[in-house]
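One structure is given below, encoded as C-alpha cells.
The first residue of the sequence shown is numbered 1, and numbering continues consecutively from there. Just so you know, ligand 1 is whichever comes first in the structure, and atom 1 is the first atom listed for that ligand. Please read all numbers here as calculations on a predicted model, not as lab measurements.
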Amino acid sequence: MTDRRSFLKTTALGAAAAPALLHGCAPADAPQGAAAATGSSRAVRPVALSTWEHGLAANEAAWPILTSGGRALDAVEAGVRVPEADPDVTSVGYGGWPDRYGHVTLDACIMDEAGRCGSVAFLREILHPISVARQVMEKTPHVMLVGDGALDFAVKNGFERQNLLTENARRGWEQWKAENGEETPSISIDNHDTIGMLALDQAGNLSGACTTSGAAYKYHGRVGDSPIIGAGLYVDNEIGGATSTGWGEAVIRAVGCFLVVELMRQGHGPQAACELAVERVIAKNPDWRDIQVGFLALSKTGEVGSFCIAPGFDYAVYTPDEGNRLVDSGSRL
Ligand code: ASP
C-alpha cells in the first residue's frame, strides 16, 4: 500500500544514486535504437521506470511485455492499470481521494514512440482512464477529452461506469470536511502521489503514461499537470521521456516534462536534466519550500535520472541486470 506521507521519507541515496544504477544497462554513447544489444540478438535491453512504490507493481506488469518483444506503449498502459485498479493506492484511480465535494475525478495521458498522444481529464466513474486516453489517441483526431465528453466517449467505447469512491476514501473526505469545512485545500507535500511511467522496449522505442486522481480535496473541476502533454508527461523517441509527480500547478508553470526532454536534447543527461528542471520550478514558484515536485526521466539509451524538491520521492526501476528496485530520488532540500 502506498503511504501518502512517503513524501516525507528521508532520502537515503541522494542524487548520485540514479546514474549509478544504470551501469550495465546501456552505455551513454550507444547509438540510438541500438543501446546495449543483448547477446546475439539486436534487441535493446528494456527498461521500465515508474514513480513511487506503487511503481514496483506497475513495472512487474509491464516487464513480460517488454521482455517478449512487445511495445513500450502496451507495457506502460498495462503497468499503470495496476495502481489504477488498486483500492489501496489512494492517489490513482479506484480508491483515490475525492475532490472537495466527494467526487473522484481522474486525469491521465499516454504518449507513444511516434509522438502520438491522448489524454483525458476530469473523468469520473471509469476505472481505467489510461485506456480511455489511449483510445482518444487511437480513435479520434483529438488529443484531449474532458469531463462529460470524456465519459461519453468512454461509455460509447465499451468502458463501464462504476463508483470509484471507496469506503476508506469516503471516510478520509468526511474527516477532511469536518476539519476544514469549505476551506480551500492548502498546498501540501503529502496529498498527492501520481503514477508516471516510462518504458524502453527491445525495438529501442520509448513510450510513457501518467494517471492520477490528482490533489486530494481539490476544487471540483481542478485539473493538474498529469494529463497535460508536456507538463506531466513528454516523450520524444529521438531523445527520451520524462514524467512528473507532485504539485501539478507548479509543474504546469514550468511545462516541466517538455523542459526535461528539451534539456536532454541540448546534451544534458537525464539526471542533470531533472535537476535543472527542478531549479526552473523553484524559480517559477515562490512557495517552492512548501510544495513537492519530482521528475523522472529515461533517455533513449536507457539511462535514468530523477530529482525532486523535498526528500521523500522514490521510484521503481526494472532492468535486466538489476531486477525491479525501489530507489530514493535525490532532492533539493
Ligand atoms: N501531479 C498530480 C496533480 O497535481 C498529483 C500527484 O503527483 O500526485 O494532480
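For the ligand labelled ligand 1, residue Ala215 lies inside the 4.0 Å heavy-atom shell. Look at Glu249 and you'll find every heavy atom at least 4.0 Å from all atoms of ligand 1.
Considering backbone and side-chain atoms together, Trp247 places no N or O closer than 3.5 Å to any N or O of ligand 1. For Gly248, a nitrogen or oxygen atom sits less than 3.5 Å from a nitrogen or oxygen atom of ligand 1, counting backbone and side chain alike.
Heavy-atom contacts of Thr245 reach the following atoms of ligand 1: 6 (C), 7 (O), 8 (O) (cutoff under 4.0 Å). Shown in contact with Asp225 at under 4.0 Å from a heavy atom are these atoms of ligand 1, numbered in order with element: 1 (N), 2 (C), 3 (C), 4 (O). Residue contact check: Gly214 has heavy atoms under 4.0 Å from atoms 9 (O) of ligand 1. Counting the atoms of ligand 1 from 1 in the order shown, those under 4.0 Å from a heavy atom of Ser226 are 1 (N), 2 (C). Set against the non-hydrogen atoms of Thr194, the atoms of ligand 1 under 4.0 Å away are 1 (N), 2 (C), 5 (C), 6 (C), 7 (O), 8 (O). Listed by atom number, the atoms of ligand 1 under 4.0 Å from Asp193 heavy atoms are 6 (C), 8 (O).
Classification of Arg81 and Glu84 as a salt-bridged pair fails, no side-chain N sitting under 4.0 Å from a carboxylate O. In summary, Asp236 and Arg265 engage in a salt bridge, as defined by a charged side-chain N under 4.0 Å from a carboxylate O.
For Trp52 and Phe313, the ring centers sit closer than 6.0 Å to each other.
A donor-acceptor contact closer than 3.5 angstrom is absent between the side chains of Arg45 and Thr319.
Heavy-atom contacts from other residues, nucleotides or ligands closer than 6.0 Å to CG of Asp148 number 12 or fewer. Around the CZ atom of Arg280, the shell of radius 6.0 Å holds no more than 12 heavy atoms that belong to other residues, nucleotides or ligands.
Only side-chain heavy atoms of Arg222 come within less than 4.0 Å of ligand 1; its backbone N, CA, C and O stay farther off.
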So Asn324 and Glu60, side-chain hydrogen bond (donor to acceptor under 3.5 Å, both in side chains) or not? Walk me through it. CA-CA 8 Å; Asn324 197 11; Glu60 286 294 340; 3.2 Å; yes

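Residue pairs meeting the ring-ring contact (aromatic ring centres under 6.0 Å, His included) criterion with at least one partner in residues 248-295, sequence neighbours excluded, are Tyr234-Phe258.
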